[in-house]
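Order of listing sets the numbers, starting from 1, for every ligand and every atom in it. Just so you know, these numbers come straight off a predicted model, no measurement behind them.
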Amino acid sequence: MNIYADPAFSMATEQFRVIADYLEIDEKLRARLLLPKRTMAVTLPVQRDDGSISVYHGYRVQHHLAFGPTKGGVRFHPGVTLGEVAALSIWMSWKCALTGLPYGGAKGGVTVDPRTLSARELESLSRRYMQEMIPFVGPRTDIIGPDMGTNEQVMAWFMDTYSVYQGHAVPEIVTGKPVTVGGTAGRREATGRGVVYLVERALDVMKLRPDKCTAVVQGFGNVGGVAALGLAFKSGMKVVGLSDESGAFYREGGIDVAAAETYAKKHGSLAGFTEADPIPSEDLLTLPCDVLVPAALEAVITEKNAGKLRCRILAEGANGPTTPEADRILAERWNEIFVIPDILCNAGGVIVSYFEWVQGLQSFFWNETEVTDRLFRTLEQAFSNMTRRARAAKIPHRMAAMAIGVERVLAAKKARGLFP
Ligand code: GLU
């Protein structure tokens, strides 16, 4: 029985198989590299405002422990399954290894639509989740962070709950916290900023000018929203397509992203936004554009639409947006589409989480310029390692990025050896 059986876990497994074959990794080592080291499933009863009790399922998966503690976000989403969380923890491992962070991957999740909860219910669920995780996590064991459906406030509740049980403040148990309780400057914007930095690097390689380019962004949350604003106002691109869970929008002349952001903040979503035309969500990804940023859920680029993408750069802000079947199509289109794979493209978030953890451990804080400068330097190193390897070995970017990550984890596991 595979307790992780799930489409996302199958994707992570297949991606790993491709890399393991490419690196000629011994069959005997493969299960040890791929399968999560530790998994925790919890049941979370929450008293609702009407007096009833709802019970939610929560998970935390720690993928490998070879470098130090594990690290990764917690997702609150109705689609969360144990297998998805496990896949996300595996992707976190390759991401941390590629960018040189001293972490194994982890991920957590609760199967819940947070929008159906009141603020009090969300607090109660968040605190209960952290309380159940206390024996399993710690600043030197497993450090929690934000992911889809969680935010700075949820991180503050996590940090407070953990700290109350320890009897003193332990800010370094959680990253993505508000600055007032030991969070770092620049964490909230980090993932989106990283996406924009890497898009500009790719444009530079392709000798394209950002101010002559168009962009389409799927997802308008902490990643897509910040990326869309950056592409529009920092890089000077025309953002012609946007979407969130409520639907997709197009405007050939360019969408006013700041107006869209103000609208979404006020109304809770883009539903009813009139400054662009609503289009069917499935048409968004195949719009003609220079830069396409999927920044929402997994498996949105499949064998059905990969051949129809009309972008020059695919910047994967989401985790796992491209299926292995779609990847084979993209590999054939390597000279048409420059892929910035997820484990590099969205790494800005965990890189700045690492900075937040380091600052917390030392109780010594950096300003936003220092944080962002170091973020860009870390991304630059990973970007150049990936592109150099891809060019030298004539392999796709995803393969190069994953090969670097998997090799580093394998080397650490080999050096430490197998406990008798
Ligand atoms: N959830 C983010 C990711 O998927 C970052 C998690 C963190 O900061 O620990 O990379």
Side-chain angles (χ1 to χ4, degrees), residues 8 11-12 59-63 67-77 80 84-110 130 133 137-139 141-152 154-156 158-159 171-178 182-195 198 219 221-227 294-298 315-321 340-360 371 375 378-379 382 401 405:
M11 259 177 74
Y59 309 100
R60 184 80 181 161
V61 176
Q62 298 168 355
H63 177 236
F67 293 155
T70 50
K71 180 82 192 84
V74 175
R75 175 173 292 200
F76 286 180
H77 189 272
V80 162
E84 182 198 38
V85 173
L88 288 159
S89 78
I90 294 168
W91 292 327
M92 285 305 295
S93 283
W94 312 146
K95 188 187 311 188
C96 291
L98 170 69
T99 49
L101 309 184
Y103 295 136
K107 198 68 131 201
V110 177
M130 181 45 115
M133 288 298 152
V137 301
T141 320
D142 183 13
I143 304 126
I144 283 179
D147 196 81
M148 198 181 284
T150 57
N151 56 21
E152 292 183 5
V154 172
M155 297 306 117
F158 284 166
M159 179 262 187
E172 62 275 19
I173 180 62
V174 162
T175 61
K177 316 174 279 295
T184 183
R187 172 62 187 85
R188 199 179 59 75
E189 301 82 1
T191 317
R193 264 187 196 149
V195 171
L198 293 162
N222 187 42
V223 181
V226 174
L297 277 168
E298 297 94 77
E316 296 182 342
N319 287 307
I340 310 172
D342 54 355
I343 58 169
L344 172 64
C345 194
N346 67 38
V350 72
I351 292 169
V352 175
S353 275
Y354 165 62
F355 298 159
E356 181 174 335
W357 178 68
V358 167
Q359 292 171 72
V371 169
L375 164 66
T378 309
L379 286 173

Please report which non-hydrogen protein atom sits nearest to atom 8 (O) of ligand 1, along with the residue it belongs to and the distance in Å to one decimal place. Ser353 OG, 2.5 Å

Which of these passes side chain to side chain contact (heavy atoms under 4.5 Å, CB included) with Cys96: Trp91, Tyr103, Phe67? Tyr103

What's the separation between atom CG in Asp142 and atom CZ in Arg60, rounded to the nearest 0.5 Å? 4.0 Å

Note: ligand 1 atoms sitting under 4.0 Å from heavy atoms of Pro146 are 1 (N), 2 (C), 5 (C), 6 (C)

Taking only non-hydrogen atoms of Asn319 and a 4.0 Å limit, the atoms of ligand 1 in range are 4 (O)

Quick one: which ligand 1 atoms are inside 4.0 Å of a heavy atom on Asp147? 1 (N), 2 (C), 4 (O)

Protein contact of atom 9 (O) of ligand 1 - nearest heavy atom, named by residue and atom, plus distance: Lys71 NZ, 2.6 Å

Within the 4.5 Å heavy-atom criterion, are Pro69 and Thr141 side-chain neighbours or not? no

Would Val352 and Arg193 count as a side-chain contact (heavy atoms from CB on, under 4.5 Å) if you check the C-alpha gap in whole Å, the side-chain angles of each, and the deciding distance to 0.1 Å? CA-CA 11 Å; Val352 175; Arg193 264 187 196 149; over 6 Å; no

Taking 4.0 angstrom as the limit and counting only heavy atoms of Arg187, give me the atoms of ligand 1 inside it, by number and element. 5 (C), 7 (C), 8 (O)

So the atoms of ligand 1 within less than 4.0 Å of a heavy atom of Met92 turn out to be 3 (C), 4 (O), 10 (O)

Give the numbers and elements of all ligand 1 atoms closer than 4.0 Å to a heavy atom of Gly73. 6 (C), 9 (O)

For atom 3 (C) of ligand 1, what is the nearest protein heavy atom, given as residue, atom name and distance? Lys95 NZ, 3.3 Å

Whether the side chain of Asp342 engages the backbone of Glu316 through a donor-acceptor N/O pair (distance < 3.5 Å, no angle test) should be reported. no

In terms of side-chain geometry, is the basic nitrogen of Glu152 or Arg187 positioned less than 4.0 Å from the acidic oxygen of its partner? no

Side-chain (Thr150) to main-chain (Val74) donor-acceptor, under 3.5 angstrom: yes

As an exercise, identify every atom of ligand 1 less than 4.0 angstrom from a heavy atom of Lys107. 1 (N), 3 (C), 4 (O)

